[in-house]
Amino acid sequence: MANDSATTERNYQLFIERVAASKLVWGLKSKNGWANSHSADSEDTDVVPFWSERAYAKACARDDWKDFTPTEIPLGQFLENWCVGMAEDDTLIGINWDPKMLGEEEDALGIALDVATQLKVINSAIKFTGYASIDEFIAEISEDE
């Protein structure tokens with residue numbers, strides 16, 4: 001339905017804008033690791049969900065994930081370590097899933113590129129450990145995508 005895809009697209013944009021502004025991403029973590037799931041499209045593809053707000057992550061800490069705690073990840077670390085590593089492992093990113101575990105599943109490098117581009121749009125810098133600048137990061141992941 002068009003309405004659902006419009007909502008999904010809005011949620012995606014909201015995620016990109018909010019994480020670029022706050023410089024934080026939220027995941028759910030337990031003593032055994034980070035919350036993850038299978039893709040809705042393929043049992044062979046893993047998805048790790050992330051949220052732009054602590055409250056969104058907390059709302060999903062129920063049922064199978066009731067022992068998980070919302071945990072913040074600095075944006076630079078998310079882009080450089082999570083997105084790049086997940087792309088290498090062909091793991092998708094779940095964007096702002098709702099408590100029914102419904103939401104967008106996206107390619108990790110695509111998300112990294114969109115967030116990095118948004119950071120440039122709002123003229124906001126972040127520190128990377130393996131890249132000299134946001135431009136170098138964008139150039140590097142653009143080649144890989």
Side-chain angles (χ1 to χ4, degrees), residues 1-30 33-41 45-145:
M1 290 192 287
N3 200 8
D4 288 345
S5 68
T7 301
T8 306
E9 183 58 35
R10 256 199 323 279
N11 280 346
Y12 183 82
Q13 261 325 107
L14 192 70
F15 177 87
I16 300 299
E17 290 168 12
R18 289 212 173 137
V19 301
S22 70
K23 297 186 181 168
L24 288 177
V25 176
W26 292 87
L28 285 175
K29 190 175 183 186
S30 76
W34 295 88
N36 61 74
S37 182
H38 294 296
S39 169
D41 298 329
T45 305
D46 289 326
V47 181
V48 178
F50 294 99
W51 294 268
S52 58
E53 312 280 334
R54 183 183 188 280
Y56 297 164
K58 189 169 174 39
C60 294
R62 48 185 264 191
D63 301 327
D64 289 349
W65 294 344
K66 68 181 181 297
D67 297 330
F68 288 73
T69 307
T71 306
E72 66 181 49
I73 302 165
L75 188 56
Q77 187 183 339
F78 174 74
L79 293 173
E80 198 169 4
N81 301 341
W82 284 91
C83 290
V84 172
M86 288 173 70
E88 289 169 359
D89 296 339
D90 291 323
T91 301
L92 297 174
I93 291 180
I95 299 288
N96 279 348
W97 283 5
D98 69 18
K100 294 184 188 120
M101 304 299 138
L102 296 174
E104 196 75 20
E105 297 176 5
E106 293 288 336
D107 171 67
L109 287 186
I111 288 171
L113 205 51
D114 287 348
V115 171
T117 302
Q118 178 66 16
L119 285 167
K120 283 183 61 92
V121 166
I122 63 173
N123 201 17
S124 183
I126 58 172
K127 286 215 180 303
F128 290 104
T129 52
Y131 303 90
S133 68
I134 199 151
D135 291 321
E136 184 183 304
F137 178 74
I138 289 172
E140 193 80 26
I141 66 170
S142 294
E143 289 171 14
D144 294 341
E145 194 182 34

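For reference, positions follow the sequence shown, starting with 1. Since the model is a prediction, treat every value here as computed from it, not as a measurement.
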State, without any angle test, whether D114 and Y12 hold a side-chain donor-acceptor pair at a distance under 3.5 Å.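 Distance-only check passes for D114 and Y12.
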Looking just at side-chain N and O atoms, do N96 and S52 make a donor-acceptor pair shorter than 3.5 Å? yes
Do [X] and [Y] have side-chain heavy atoms sitting under 4.5 Å apart?
X    : Y    : answer
L113 : S142 : yes
L119 : I126 : yes
M101 : C60  : yes
D135 : K120 : yes
T45  : H38  : no

Neighbour count above 12 (heavy atom, 6.0 Å) for D64 CG: no
[atom1]/[X] to [atom2]/[Y] distance, rounded to the nearest 0.5 angstrom?
X    : Y   : atom1 : atom2 : result
M86  : T91 : CE    : OG1   : 5.5 Å
L14  : E9  : CG    : CD    : 11.5 Å
E140 : E80 : CD    : CD    : 10.5 Å

Residues two or more places apart in sequence or in another chain: which of them pass side chain to side chain contact (heavy atoms under 4.5 Å, CB included) with A61?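 For A61 the side chain to side chain contact (heavy atoms under 4.5 Å, CB included) partners, ignoring immediate neighbours, are L28.
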Checking A116 now: which residues fulfil side chain to side chain contact (heavy atoms under 4.5 Å, CB included) with it, not counting sequence neighbours?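 A116: side chain to side chain contact (heavy atoms under 4.5 Å, CB included) contacts with I134, F137, I138.
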Test log, rule side chain to side chain contact (heavy atoms under 4.5 Å, CB included), inputs W97 and V47: CA-CA 11 Å; W97 283 5; V47 181; 3.4 Å; yes
Check the pair R54, E72 against salt bridge (Lys or Arg N to Asp or Glu O under 4.0 Å), reporting the backbone distance first and the verdict last. CA-CA 8 Å; R54 183 183 188 280; E72 66 181 49; over 6 Å; no
Please identify which of these residues, V115, V19, I111, meets the side chain to side chain contact (heavy atoms under 4.5 Å, CB included) condition with L79. V115
Plane angle bin for F50 and F78 - parallel if under 30°, tilted between 30 and 60°, otherwise perpendicular: perpendicular
List the steps, then state whether side chain to side chain contact (heavy atoms under 4.5 Å, CB included) holds for E106 with F15. CA-CA 12 Å; E106 293 288 336; F15 177 87; over 6 Å; no
Within the 6.0 Å centroid threshold, strictly below: W65 and W34: no
